[in-house]
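What follows is a single structure, written as structure tokens, with notes after it.
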Amino acid sequence: MKTLADRYNPQDVENRIYNWWEESGYFKSADQSTKPPFSIILPPPNVTGFLHLGHALDHTIQDLMIRWKRMSGFNTMWLPGTDHAGIATQSVVEKELKKTNVTRHALGREKFVEKIWEWKHEYGDRIYGQMRRLGDSCDWDRATFTLDAGVSEAVRKVFVSLYKKNSIYKGLRLVNWSGPLETAISDLEVEHKQIKGFIYHIQYPIDGTSDFLTIATTRPETMLGDTAVCVHPEDERYQSLIGKTVTIPLINRQIKIIADTYVDREFGSGVVKITPAHDFNDYKIGKTHKLEFINLLTKKCEMNENAGPYKGLKVADARKKVLEDLKSLGLLVKEEPHINSVGHCSRSGAVVEPFLSEQWFMKMEELATPAKRVVESGTVRFEPESWTKVYLHWMNNIEDWCISRQLWWGHRIPAWSCTDCEKTTVSETDPTACEHCGSSNIKQDEDVLDTWFSSALWPFSTMGWPNAETHSVETQKTFYPTNYLVTGHDIIFFWVARMIMMGLEFKKDVPFRTVYIHGLVRDSQGRKMSKSLGNSVDPIEMIEKFGADALRFSFLAHLFSGKDFKFSEQRVEGYRNFMNKVWNASRFVLTNLQDFKAPAEGVKAMPIKTDLSVFDQWIISKLADVERSVHDFLEAERFSDAATTLYQFIWNQFCDWYIEFTKPIMTSGAPAEKHATQLVMAQVLNRTIRLLHPFCPFLTEEIYANLPIKGAACIVDQYPTVQNDKDLLAFASKQAEIEIDIVKEVITAIRNIRGENRISPAVKLKIRLGVSQADVQKILNHNHSAIMTLARLEAMEIGEDGNMMKCAVALVAVGTVQIKVIIPLEGLVDFNEEIKRIQKTIEKLEKDVSLLNGKLSNEKFVQNADEDVIANDRILLQQSKEQVISLKDALTRFQ
RNA sequence: AGGGAGUUAGCUCAGUUGGUAGAGCGCCACCCUUACAAGGUGGAUGUCGCAGGUUCGAAUCCUGUACUCCCUACCA
């Protein structure tokens with residue numbers, strides 16, 4: 001057995017361990033197995049992206065579940081993948097091209113797509129490398145890219161199938177348009193920002209009169225596309241004008257005055273200009289009133305020929321020019337400051353323009369109905385549950401999904417239009433002729449599908465659907481539906497909802513049972529992490545600085561049901577310290593096991609219970625508690641409770657007390673006693689390391705390799721539970737727990753007196769423990785040497801109170817046991833500190849006494865409260881009263 | 001505007017059947033005690049947002065209210 005370094009150094013360990021796991025095939029899953037299946041599909045990150053803290057959090061949770069289930073005997077399958085991320089990736093490559101002064105249009109579609117593939121091949125595996133740094137135990141053999149042949153096949157099949165049942169259609173509609181990207185984007189890709197602007201009041205001359213109608217608008221340039229002005233039908237001011245016409249200034253086009261209840265009489269002038277081709281509300285009015293739709297924009301969002309003299313101007317410039325021209329005509333009567341929310345493209349940041357164009361849509365209502373039902377019935381469960389409402393609310397107000405994008409990177413829409421009969425052919429395989437007229441003059445649609453279209457199929461397209469090969473069928477049979485989907489709440493609508501719809505439609509079953517929603521990672525002040533704020537943190541940097549385990553643990557220990565996660569480097573450092581603590585505790589144990597031979601029978605070789613030291617029995621009791629709670633917490637998805645339970649057990653029980661208790665046994669215990677403790681120590685460390693493994697896999701695997709009692713690898717050893725660890729836990733003892741509680745309290749009381757009186761640790765104290773109960777005396781005698789060592793004593797008497805002149809006194813109460821700790825201070829320190837300390841204690845006790853007195857003398861309390869509550873209070877009151885008397889007595893002895 | 005979440009120690013947060021408030025970090029004091037100074041021991045710190053109500057008893061349940069954050073939708 002080699003000895004461990006005196007510090008845990010993650011850099012020496014992580015890569016080596018990871019490679020070993022991977023080479024050993026521990027991450028692999030089997031399509032067919034006698035073990036129960038447990039599967040998770042990883043939300044695929046962008047293929048050209050970097051791992052950020054959000055991924056790190058997301059992956060840590062999934063890896064915890066996978067490792068825990070793997071150790072619990074499941075056939076675990078964690079499927080990794082990457083997303084082609086249409087807009088994001090295309091933009092990145094386009095920017096790269098720009099550096100060499102090449103546009104994608106100059107390059108041409110085919111060449112440009114080739115470039116992106118080159119880019120993908122260069123950077124596509126980068127993120128997989130970063131995931132390995134984090135310790136992700138995915139089944140890499142199953143890694144999938146959203147543009148892989150199999151996925152493309154699934155995409156086409158779904159498209160064709162939905163098209164055939166009229167769930168996918170093409171139509172001329174007003175959509176959100178991103179000028180810089182020259183593509184439509186979905187509602188979800190639009191971010192609304194509050195922008196300070198103005199409301200402009202403009203006069204439209206009423207035809208046949210010299211009067212004007214004043215309209216208010218925030219977007220004066222769109223007046224060029226007005227096809228009506230609208231008033232409220234019951235607005236007395238304007239009723240007589242309904243049906244008449246006004247002339248749009250600047251371009252002198254006549255439009256009708258119409259009436260619709262949509263108009264709010266109170267707002268502005270009560271007259272609204274209607275621009276059906278450039279505003280979503282106006283679009284609806286345009287439809288109901290059968291108005292003309294005049295498009296003013298080009299695909300780049302510049303004014304087109306319909307804008308007359310303003311043709312060629314950008315929207316913002318056109319606005320300025322229009323305002324100037326109106327002003328010079330005297331038709332701009334007022335500008336009021338106004339804050340309105342303006343849609344911005346989440347990808348390019350540009351202002352989104354409502355734009356009339358031919359797009360493909362997916363009807364959502366029909367698909368949404370069953371997807372609502374499975375959530376309402378609990379077949380799919382959200383954790384935390386509060387997201388259920390959010391999900392259902394959205395599903396109830398769902399609108400058709402614009403699935404076409406005017407991009408080059410992505411799944412090209414499998415639709416061909418015929419130049420002869422103008423009809424559309426939609427097909428899973430590339431057709432050679434129009435299915436309507438047989439003409440060979442067909443042309444494939446230029447558009448690609450929204451990236452989320454392929455993402456929606458991810459849970460089954462990654463498992464080989466729709467191909468009918470045996471292994472695909474087996475994979476789906478075993479692993480679909482998956483057990484968990486772990487993701488942030490930002491993509492519930494983009495992704496989660498759509499996966500549920502598609503899963504139900506094409507697999508006739510939900511894609512996952514539980515959706516575990518975690519919060520988003522923010523900086524320590526709760527702000528969004530962003531490049532512009534300069535507050536983003538690179539997880540790889542954190543891993544290099546503190547180790548992957550510390551980063552993982554800092555997530556897991558502070559993960560609270562779906563709340564946003566405030567990241568702090570200081571905290572990671574804290575858990576780095578914990579990793580080192582585990583390392584050093586292991587080092588202590590292993591050093592003390594140098595002369596220890598692990599018996600082949602394992603736990604069965606343990607001596608009989610009564611031959612184990614009380615410390616050994618106690619730590620096994622504590623271990624039993626931990627195994628029970630960790631199991632329960634993990635089952636309940638309370639990961640932070642599980643993490644902190646382990647943290648506290650290791651640091652506050654195992655290290656602070658157990659190791660300290662065993663030191664005297666290791667140095668001067670009898671051989672049989674020492675051997676028994678060695679056996680327990682080895683067993684408890686072994687359990688601890690296994691329990692900890694899913695939380696901090698690298699550290700634990702490295703320690704595990706050095707254990708005298710072990711299997712092939714920690715990652716595939718059994719996860720300890722009270723069910724499977726009965727042989728060891730049979731040595732737990734309630735009596736030992738009581739005994740150790742007393743011993744700990746006595747030691748703490750002595751340390752407290754020492755600390756408060758500033759008695760140097762170098763000074764060994766002589767103390768007396770005043771206790772009348774014979775069984776308690778026995779316990780204290782039994783633990784004589786432990787108390788002597790841990791409290792740094794020279795001598796200890798147990799029995800009568802004796803002479804208490806000039807003595808520090810502390811009272812220890814554990815259950816019904818009462819012990820008086822008496823320390824003569826004469827010659828050690830002056831008594832002021834001790835007098836203060838005792839007075840402080842008395843004050844607190846007297847407060848307790850009056851509180852308890854009040855409660856217990858209240859008849860209603862005695863009548864209504866639970867019996868054990870009352871009994872407990874009675875004991876407390878009695879003890880507190882007695883303590884006050886003893887302490888006051890002690891005070892008098894300082895005179 | 002509608003919906004959701006939150007308000008507990010200086011900071012980040014726990015507190016699951018109502019029974020005298022907890023952790024980590026930070027802070028103060030002492031200590032290199034042979035696993036660990038990335039450590040040890042001791043200590044200080046809270047009218048649990050505010051106001052009512054139910055109850056013998058409320059951080060916990062109910063009502064109202066203030067503030068913060070998020071999401072969705074937006075009146076030109």
Side-chain angles (χ1 to χ4, degrees), chain A residues 4 6-8 187 192 199-200 215-219 222 229-230 262-264 266-275 279-282 338 340-341 384 386-387 389-390 393-394 397 489-490 492-493 519-520 524-526 546 550 557-558 560-568 570-571 573-592 636 638 640-641 644 647-648 652 655-656 659-660 663 667 748 751-762 789-790 792 837 847-848 851-852 854-855 858-866 868-870 872-873 876:
Chain A
L4 304 180
D6 62 356
R7 272 190 186 184
Y8 173 57
D187 293 349
H192 290 271
I199 292 186
Y200 303 96
I215 57 100
T217 179
T218 53
R219 302 204 48 192
T222 60
V229 295
C230 190
Y262 152 77
V263 176
D264 178 355
E266 310 299 319
F267 192 92
S269 58
V271 187
V272 186
K273 62 194 266 315
I274 305 295
T275 323
D279 183 281
F280 288 100
N281 291 306
D282 294 7
H338 179 75
N340 60 337
S341 79
S386 57
W387 291 106
K389 265 190 185 173
V390 181
H393 182 257
W394 188 69
N397 296 287
H489 55 70
D490 51 337
I492 291 178
F493 307 140
L520 308 178
S524 57
Q525 292 160 54
F546 301 113
H558 282 265
F560 299 113
S561 67
K563 274 190 190 170
D564 281 352
F565 186 93
K566 284 184 190 155
F567 184 84
S568 120
Q570 209 177 26
R571 194 143 65 201
E573 191 183 348
Y575 289 109
R576 186 274 312 265
N577 295 353
F578 174 61
M579 296 307 141
N580 194 47
K581 189 78 180 174
V582 175
W583 179 262
N584 271 296
S586 305
R587 195 157 71 95
F588 172 85
V589 171
L590 293 174
T591 316
N592 282 291
R638 299 181 54 157
S640 61
D641 287 322
T644 45
Y647 181 99
Q648 281 164 5
N652 305 123
C655 292
D656 288 351
I659 285 183
E660 296 305 325
K663 278 179 182 172
T667 52
T748 304
R751 284 171 172 172
N752 173 272
I753 292 172
R754 188 194 282 277
E756 294 277 276
N757 285 292
R758 311 237 168 92
I759 300 169
S760 155
T789 313
L790 269 63
R792 308 182 70 78
R837 193 187 68 86
K847 231 188 223 167
D848 289 353
L851 208 113
L852 289 164
K855 264 171 101 172
N858 182 336
E859 265 177 50
K860 286 185 176 169
F861 171 71
V862 181
Q863 271 169 21
N864 294 310
D866 286 348
D868 50 334
V869 172
I870 298 169
N872 209 28
D873 280 357
L876 257 178

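Because only heavy atoms are used, hydrogens play no part in the values below, and waters and symmetry mates are left out as well, while side chains stay in. Values in this document were obtained by computation on a predicted structure and should not be read as measured data. So that the names make sense, note that chain A is the first sequence line, chain B the second, and so on, each numbered from 1.
Within the structure, a side-chain polar atom (N or O) of A/K663 is placed less than 4.0 Å from OP1 or OP2 of B/A35. For A/N752, a side-chain nitrogen or oxygen approaches OP1 or OP2 of B/G43 to under 4.0 Å. For B/A38, one of the phosphate oxygens OP1 or OP2 lies less than 4.0 angstrom from a side-chain nitrogen or oxygen of A/R7. Contact check, A/N584 against B/A38: no side-chain N or O comes under 4.0 Å of OP1 or OP2. For the OP1/OP2 pair of B/G3 and a distance below 4.0 Å, the side-chain nitrogens and oxygens of A/K389 include no atom meeting the criterion. Checking the phosphate oxygens (OP1, OP2) of B/C56, a side-chain nitrogen or oxygen of A/N864 falls inside 4.0 Å. Contact annotation: A/K566 reaches the phosphate of B/C13 (side-chain N/O to OP1 or OP2, under 4.0 Å).
For A/N580, the listed nucleotide lying nearest its side chain is B/C36; candidates were B/C74, B/U33, B/C36. Checked against B/C25, B/C56, B/G6, the side chain of A/N858 finds its nearest nucleotide in B/C56.
For A/A216 and A/L852, each mapped to the nucleotide of RNA chain B holding its nearest heavy atom, the one lying further toward the 5' end belongs to A/L852. The nearest heavy atom of RNA chain B to A/A865 and to A/T218 marks one nucleotide each, and the one closer to the 5' end goes with A/A865.
No more than 12 heavy atoms of other residues, nucleotides or ligands sit less than 6.0 Å from atom CD of A/E859.
Using P as the reference atom, B/A14 and B/A5 are 14 Å apart when rounded to the nearest Å. Only the P atoms considered, B/G39 is 9 Å distant from B/G26, to the nearest whole Å.
A distance-only check finds a donor-acceptor pair linking the side chain of A/R571 to the backbone of A/K566 [under 3.5 Å]. Remark: the backbone N or O of A/A550 is not paired with any side-chain donor or acceptor of A/R576 at under 3.5 angstrom.
Here the CZ atom belonging to A/F588 is positioned 5.5 Å from the NZ atom belonging to A/K663, to the nearest 0.5 angstrom. With rounding to the nearest 0.5 Å, the separation of CD1 in A/I274 from CG in A/D279 is 8.0 Å.
The base of B/A29 is not paired with the side chain of A/R758 by any donor and acceptor separated by under 3.5 Å.
At whole-Å resolution of the value, CZ in A/R587 and C1' in B/A37 are 13 Å apart.
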